[in-house]
Visitor: 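Got a structure for you, written out below as structure tokens; questions coming shortly.
Atoms within a ligand are numbered from 1 in the order they appear, just like the ligands themselves. For this chain, numbers begin at 1 and follow the sequence in order.
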Amino acid sequence: MAFLNLFDQRKLWELAEKIPLEPLSERKSIYDALGLVCAEDVLAPEDIPPKARSEVDGYAVRSRDVKGASVERPSLLTRVGSIVVDEVPQFELNPGECAYIPTGAILPKGADAVVMIEYVEESGNYVEVFKPAAPLENVVSPGEDMKQGDIVLKRGQRITPQVVGLLSYLGKLEVQVYRPLKVFVAATGNEIVEPTQVPNLGQYRDANSLTVWSMLKERGFYAHRGSIIRDELENIHEVINKATQNYDVIVLTGGSSAGIRDLVVRAVEEAGGTVLAHGFTIKPGKPTVIGIVKEKLFVGLPGHPMSCFVSASLIVMPLLRRLQGENVKPMPLLKARLRTAVFSRIGVEEWIPVRLSYEEELWAEPVFSKSGMVSSMVRNEGFLRIPPECEGMEPGEVVEVLLL
Ligand SMILES: Nc1nc2c(c(=O)[nH]1)N[C@H]1C(S)=C(S)[C@@H](COP(=O)(O)OP(=O)(O)OC[C@H]3O[C@@H](n4cnc5c(N)ncnc54)[C@H](O)[C@@H]3O)O[C@H]1N2
Ligand code: MOO
């Protein structure tokens with residue numbers, strides 16, 4: 001009987017270990033690498049900054065000279081120069097001396113702090129300083145940002161816009177990245193028709209394969225959507241077999257449950273594959289299938305649109321990102337106070353769509369939803385987590401919410 005032994009979704013990485021996919025890597029321009037996963041440790045080629053640099057517009061000083069300075073008892077210094085932002089100062093500060101310095105410029109020798117321009121008054125060659133400056137105040141020391149040889153980007157880190165900026169700053173214009181896994185996605189179901197078609201009564205347009213295809217593309221995977229597959233064992237296993245020739249991952253939606261038309265598990269076995277898990281401890285998303293066919297990953301997602309989306313978010317995307325070489329961190333959960341009571345079944349981690357509002361603190365209001373409803377995918381702003389050991393939660397309780 002199906003679903004007597006549910007796989008604990010929190011042990012997903014144990015499944016990942018059993019999947020024989022090794023991502024290949026290639027060198028790419030950093031400007032074509034956004035969203036991909038870094039396949040090397042990138043080291044800082046030199047100390048950054050190479051010389052002490054001012055963080056503000058002000059006066060470079062010797063901190064000792066301005067110790068105890070105040071409006072009543074300013075320190076009087078001699079201005080011996082004015083530094084230009086892209087030049088190395090050619091003079092040194094002796095005791096009692098200061099120099100104008102703009103934000104970003106290199107400090108002259110002898111200076112160890114900068115006083116912001118707001119706290120000084122200049123008259124002729126003299127400068128009155130009304131505020132003390134601690135050693136290194138308003139200064140970035142040599143190598144304080146990055147030391148030569150520091151790992152600034154780790155293998156497994158995703159190339160974000162910030163990473164593109166950092167690598168540009170370092171002049172590292174190419175980076176080794178993992179090649180995106182190639183994923184084949186298709187919907188199964190005799191009642192499912194193409195989005196371009198007008199459905200008859202009892203037919204519905206395909207939402208699922210396009211939700212998953214979009215999620216994959218958003219995360220930088222190479223995703224191809226195949227045409228809708230009829231609920232016939234022969235058809236399904238033929239599509240799986242063919243897809244294993246060109247793709248690393250095959251994702252089918254629908255037919256994953258226990259009904260007579262739910263043929264996905266049988267099709268995996270017919271294609272010579274092994275089912276590693278059928279049924280997970282999450283709701284929606286329970287009937288998810290994970291298997292291996294011809295050394296490729298097979299995923300069967302539930303047909304109910306909400307279940308398909310939740311399973312794709314909590315199982316498929318983390319799993320594929322991990323197999324893609326990414327160092328995947330647990331998804332961050334927000335704390336919110338629950339508006340109305342929710343109930344659940346022990347042993348299952350339930351995800352309830354919620355709307356969020358802010359009244360002194362964050363509040364989560366459950367949104368009415370059923371797994372088979374399509375609008376629930378969009379009507380919510382997050383998912384409230386009911387832990388497996390919990391039967392429900394009371395109004396006012398602090399709960400965890402995932403933003404998807
Ligand atoms: N006797 C049992 N019945 C069901 C169980 C169970 O444990 N025992 N589990 C339920 C759960 S939970 C889910 S989730 C669904 C999943 O079923 P399937 O994966 O077999 O999905 P289908 O039967 O193919 O479709 C379900 C539903 O979703 C609509 N659908 C399917 N594909 C699409 C698509 N691409 N786009 C939009 N909508 C789609 C389909 O028309 C059906 O209404 O099973 C429960 N049953
Ligand atoms: O687990 Mo199903 O995925 O609730 O609707």
Visitor: Given salt bridge (Lys or Arg N to Asp or Glu O under 4.0 Å), test E144 with R53 step by step and report yes or no.
Guide: CA-CA 10 Å; E144 191 176 318; R53 191 178 67 195; over 6 Å; no

Visitor: Taking it one step at a time, do E326 and R158 satisfy salt bridge (Lys or Arg N to Asp or Glu O under 4.0 Å)?
Guide: CA-CA 7 Å; E326 186 177 345; R158 179 164 288 275; 2.6 Å; yes

Visitor: Regarding S209 and T253, is there a side-chain donor-to-acceptor distance under 3.5 Å anywhere?
Guide: no

Visitor: For the backbone of G96 and the side chain of D65, can you confirm whether one donor and one acceptor N or O come within less than 3.5 Å of each other?
Guide: yes

Visitor: Return a table of N or O atom pairs, ligand 2 on one side and protein on the other, at distances under 3.5 Å, rounded to 0.1 Å.
Guide:
unit_1: ligand 2; atom_1: 1 (O); unit_2: G285; atom_2: N; d: 3.2
unit_1: ligand 2; atom_1: 1 (O); unit_2: K286; atom_2: N; d: 3.0
unit_1: ligand 2; atom_1: 3 (O); unit_2: G285; atom_2: N; d: 2.4
unit_1: ligand 2; atom_1: 3 (O); unit_2: K286; atom_2: N; d: 3.3
unit_1: ligand 2; atom_1: 3 (O); unit_2: S307; atom_2: OG; d: 2.8
unit_1: ligand 2; atom_1: 4 (O); unit_2: K283; atom_2: NZ; d: 3.2
unit_1: ligand 2; atom_1: 4 (O); unit_2: S371; atom_2: OG; d: 3.1
unit_1: ligand 2; atom_1: 5 (O); unit_2: S307; atom_2: OG; d: 2.8
unit_1: ligand 2; atom_1: 5 (O); unit_2: S371; atom_2: OG; d: 2.6

Visitor: Establish, from distance only, whether the side-chain atoms of S357 and R339 form a donor-acceptor pair under 3.5 Å.
Guide: yes

Visitor: So among F221, Y222, Y247, W213, which one has a ring-ring contact (aromatic ring centres under 6.0 Å, His included) with F184?
Guide: Y247

Visitor: Test Y119 against F130 for ring pair (Phe, Tyr, Trp, His ring centres under 6.0 Å), laying out the working first.
Guide: CA-CA 5 Å; Y119 303 110; F130 302 116; 8.8 Å; no

Visitor: Do we see a donor-acceptor contact under 3.5 Å between the side chains of S29 and E174?
Guide: no

Visitor: Is there a donor-acceptor contact under 3.5 Å from the side chain of R219 to the main chain of L36?
Guide: no

Visitor: Mind jotting down which protein residues get a heavy-atom contact under 4.0 Å with ligand 1? Chain and number order, please.
Guide: F3, A187, E191, I192, R205, D206, A207, N208, T253, G254, G255, S256, S257, D262, K286, P287, P302, G303, H304, P305, S307

